[in-house]
Amino acid sequence: MKKVFRRTSVLLAAAFLSTAAVQAQKSPQDMDRFIDALMKKMTVEEKIGQLNLPVSGEIVTGQAKNSDVAKKVEQGLVGGLLNLKGVEKIRDVQKLAIEHSRLGIPLLFGMDVIHGYETIFPIPLGLSCTWDMPAIEKSARIAATEASADGIMWTFSPMVDISRDPRWGRVSEGNGEDPFLGGAIARAMVLGFQGTDVNEQLKRNDEIMACVKHFALYGASEAGRDYNTVDMSHNRMFNEYMYPYEAAVKAGVGSVMASFNEVDGVPATANRWLMTDVLRKQWGFNGFVVTDFTGIAEMVEHGIGDLQTVSARALNAGVDLDMVSEGFSGTLKKSLEEGKVSMETLDTACRRILEAKYKLGLFDDPYKYCDLKRPARDIFTKEHRDVARKISAESFVLLKNEPAGTGQNPVLPLAKKGTVAVVGPLANTRSNMPGTWSVAARLKDYPSVYEGLQEMMAGKVNITYAKGSNLISDAAYEERATMFGRSLNRDNRTDKELLDEALKIAANADVIVAALGESSEMTGESSSRTNLDLPDVQRTLLEALLKTGKPVVLTLFTGRPLTLNWEQENVPAILNVWFGGSEAAYAIGDVLFGDVNPSGKLTMTFPKNVGQIPIYYAHKNTGRPLPAGKWFEKFRSNYLDVDNDPLYPFGYGLSYTTFQYSDITLSAPIMGQDGSVTAKVTITNTGKRDGAEVVQLYIRDLVGSITRPVKELKGFEKIFLKAGESKTVSFKITPDLLHFYDYDLNYVAEPGDFDLMVGGNSQVVKTARLILK
């Protein structure tokens, strides 16, 4: 099968530099010789031990010998540890492995460093809305610098699962619905974590090993329910879901995590076709595969065997490291004796773990990541926080901005004068600011929206506050939605008492900033929802605030697309701030008061109601498509109660200025199989403010041997234009961009007609026709 790695039009910026120790250069032959010699000394138990990744438990600095895992470490029965925080603790445990185990093999230390370490960046879905690959790479570079300073050498990121279902809570951890954009982000994240030069990665002590996840198709779970079944054709897999994983592999990612779901009826963790045929043989991956948390043991519940059986199936499929289940450590020796796994298969898996440790430089210096001076120097620094603040503001998406009354200017940006009332259950909660899956966050050290605006506007604007309502009327639901220390401190006053207080505060304000939406833990793992409306008491609060007649800005916190029909119709200004990280409060102030012009663009479609889900821009046509501009026509593919259009389309996002696009000009109307054509469009900033615009290229294959999407993203460029300035953006169109997997899974570019579309979102575009000979 012909494989072509598609190139994006995005140029990655130079790496974010920091002072770092660099290990000596060694050849692959040196590594092979070293590991050959080491493995000859290892017992079967020690080889199996390298495949065991337990949780760290409670380890106190200076008392590692007394921990639950200490005995196993000393016996050489542990390959690495999960989620141990603190460089001194990690050094203690590493010392235990080096000085007390028979062979002194160092341990891997991994953690979920998903969107920052202590300096937290926007949740990945928000980060993707920057469409800024240098910024995304820099966020990973800073995360790697901070995590490595605290002893972490391996992160379970990036998560690149494509999802078109916002009911699934883990859309917050991914990059949205599009594989082309997802591939560009996967590459940027891997290079940020591991190093920009694929041939020189992991040499420095501030570079950590990435782990792309969840392989594969996790984002397509049925009903948007976490851990649920996935079933799709191979054609759809390769054309719509697999590319971001492949992009991470091509960028040199050191490890891959198996997904919880099944693929073709076999759980991914035991799926040899997925882990060996595709990942290793087809894509050339040469790192190691780790399960997700208890992924091996969970296959018993899937119904494909007992723990011994599923453990053997996982190893034979190509899985190398067992996270937490201890299925390998508890059953593989017996399976070896019974011939259910071979010594060659065990040796291969063990070798892959040892190779990862070798590539990380741990055999040269097991304390490479244990410099006790680094945390104070490299974690949560002003420089890192300044970058996080800038990227946070860049992630916000302005969904609506209209005047609050006749003859007025749009509500945003706000004037730096008068009184602004900050109202809502998310207005004064520090612990919710960083967003879900920020496990190393300093939850009490990040200012809330109210606190941040107070600090920024001191002496200029009077900032007042009222909670206004609880998150949700149902106290039990709120408790489920505010786990892991993210409590909103439920107020025991009645709904009316909370509302009356808010209305008193609002009565004395010039503008109301309504901080509403989801709590941080309403998205993320095991946080699926069937109702995507604004929670009940929050809608009541918002309605009451609007009735005051004061200008209202809905400052929306969310980890997924919500259904905002009423809000879009009634609220003059809506700024989606996702969960913007440790510096989000300041970034929100920067955008609300006009110091930063918002430039975020949606990477996931917002539906009008859950009945439209899945809804995504790159859909197929039917034999009975609804004519453009129509809502309903009998015997067409449509609904009786709502039109087919989304509330906000993929690629959508407003600015405080406006941009005008020229028609597309092509260097030639016809392109050969070995040729290229340049498409040019001129963008003009027609407003009064400087601003950034994401110029998006879409392509439609009009006739194919199989049905093709109505459009697919194939390029993008983020540009900055001063007021009145124009810039011409060029996209080089090559046959690579026209390739797809045909019925037989051949990767082909078929001759024929193609529509090229360029615009500021997926719906509003200029179009030109190209012919591929």
Side-chain angles (χ1 to χ4, degrees), residues 18-26 30-31 34-35 37-38 41-42 46 49-50 52-57 59-67 69-111 113 117-118 143-155 193-195 200-210 254-255 288 321 353-379 440:
S18 66
T19 303
V22 181
Q23 71 186 57
Q25 299 294 317
K26 293 189 177 182
D30 291 330
M31 179 177 71
F34 177 87
I35 293 175
L38 177 58
K41 302 174 185 177
M42 297 176 73
E46 287 169 333
Q50 287 300 303
N52 185 27
L53 181 69
V55 291
S56 57
I59 295 178
V60 179
T61 303
Q63 298 180 26
K65 292 181 181 180
N66 300 321
S67 69
V69 299
K71 185 175 180 181
K72 292 179 181 178
V73 171
E74 289 177 336
Q75 293 173 338
L77 303 182
V78 175
L81 286 178
L82 181 67
N83 285 344
L84 182 61
K85 187 176 191 292
V87 66
E88 292 184 358
K89 294 178 183 179
I90 287 173
R91 185 179 180 89
D92 283 352
V93 179
Q94 190 73 288
K95 187 175 182 180
L96 202 63
I98 298 303
E99 297 184 6
H100 292 267
S101 69
R102 189 177 74 90
L103 295 175
I105 298 174
L107 299 174
L108 290 171
F109 292 90
M111 179 177 277
V113 185
Y117 188 67
E118 289 189 6
T145 298
E146 292 198 355
S148 63
D150 222 11
I152 301 300
M153 60 197 67
W154 178 33
T155 176
F193 285 130
Q194 296 191 175
E200 296 294 325
Q201 290 177 337
L202 304 176
K203 297 293 193 296
R204 297 156 50 120
N205 71 351
D206 64 350
E207 295 170 342
I208 64 176
M209 183 172 287
S255 60
F288 69 87
L321 190 58
I353 304 305
L354 297 175
E355 285 178 350
K357 295 177 179 183
Y358 189 96
K359 291 172 183 176
L360 283 164
L362 299 179
F363 288 110
D364 281 342
D365 179 7
Y367 306 108
K368 174 183 173 183
Y369 295 94
C370 295
D371 182 346
L372 301 183
K373 297 178 182 178
R374 285 192 61 200
R377 185 185 73 210
D378 290 344
I379 298 177

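- No side-chain donor-acceptor contact under 3.5 Å links Q94 to the backbone of I90.
- For F109 and Y369, the ring centers are positioned 6.0 Å apart or more.
- To the nearest 0.5 Å, atoms CG (L360) and CG (D365) are separated by 12.0 Å.
- Scanning both residues, I208 and A147, for their nearest heavy atoms gives CD1-CB, 4.2 Å.
- In terms of heavy-atom proximity, F363 sits nearest to P106 at CE2-CD, 3.5 Å.
- Distance NZ/K71 to CG/L77: 10.0 Å, rounded to 0.5 Å.
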(request) Show your working on side chain to side chain contact (heavy atoms under 4.5 Å, CB included) between H100 and V73 and close with a plain yes or no. (result) CA-CA 8 Å; H100 292 267; V73 171; over 6 Å; no
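- Under the 3.5 Å distance criterion, the side-chain polar atoms of D378 are left unmatched by any main-chain donor or acceptor of T145.
- Although no hydrogens or angles enter the test, the distance criterion places a donor-acceptor pair under 3.5 Å between the side chain of K357 and the main chain of G79.
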(request) List the steps, then state whether side chain to side chain contact (heavy atoms under 4.5 Å, CB included) holds for D206 with R374. (result) CA-CA 10 Å; D206 64 350; R374 285 192 61 200; 3.7 Å; yes
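- M42 has its side chain within reach of Q50: a pair of non-hydrogen atoms, C-beta onward, lies under 4.5 Å apart.
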(request) Evaluate the side chain to side chain contact (heavy atoms under 4.5 Å, CB included) criterion for residues D30 and Y358: first the C-alpha distance (whole Å), next the side-chain angles of each, then the deciding distance (0.1 Å), finally the verdict. (result) CA-CA 10 Å; D30 291 330; Y358 189 96; 3.7 Å; yes
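- Nearest heavy atom pair, residue V93 against residue L107, reads CG1-CD1, 3.7 Å.
- Between I98 atom CD1 and R91 atom CZ the span is 11.0 Å, to the nearest 0.5 Å.
- Note that the CG atom of L372 and the CD atom of E88 stand 5.5 Å from one another [nearest 0.5 Å].
- Ring planes of W154 and F288: perpendicular class, angle over 60° (limits at 30 and 60°).
- Looking only at distances, no side-chain donor or acceptor of K89 sits under 3.5 Å from a matching main-chain atom of L84.
- Taking all atoms of both residues into account, the shortest heavy-atom contact from V78 to G80 is CG1-O, 3.1 Å.
- A donor-acceptor contact closer than 3.5 angstrom is absent between the side chains of R204 and S148.
- When every heavy atom of M111 is checked against every heavy atom of N83, the shortest pair comes out as CA-OD1, 3.2 Å.
- The heavy-atom pair separating K95 from Y367 by the smallest distance is CA-OH, 3.2 Å.
- Using a 4.0 Å cut-off between charged nitrogen and carboxylate oxygen, K85 and E118 count as a salt-bridge pair.
- The CG atom of L354 lies 10.0 Å from the CE atom of M31; values are rounded to the nearest 0.5 Å.
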(message) Could you go through I105 and E46, starting from their C-alpha distance and side-chain angles, then the distance that decides it, and tell me whether this counts as side chain to side chain contact (heavy atoms under 4.5 Å, CB included)?
(response) CA-CA 10 Å; I105 298 174; E46 287 169 333; 6.0 Å; no
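- A donor-acceptor distance shorter than 3.5 angstrom exists from the side chain of D150 to the backbone of V87, with no hydrogens or angles considered.
- The only member of E200, M209, E207, K203 that meets side chain to side chain contact (heavy atoms under 4.5 Å, CB included) when paired with Q194 is M209.
- Of the inter-residue distances, the one linking L108 atom CG with L81 atom CG reads 9.5 Å to the nearest 0.5 angstrom.
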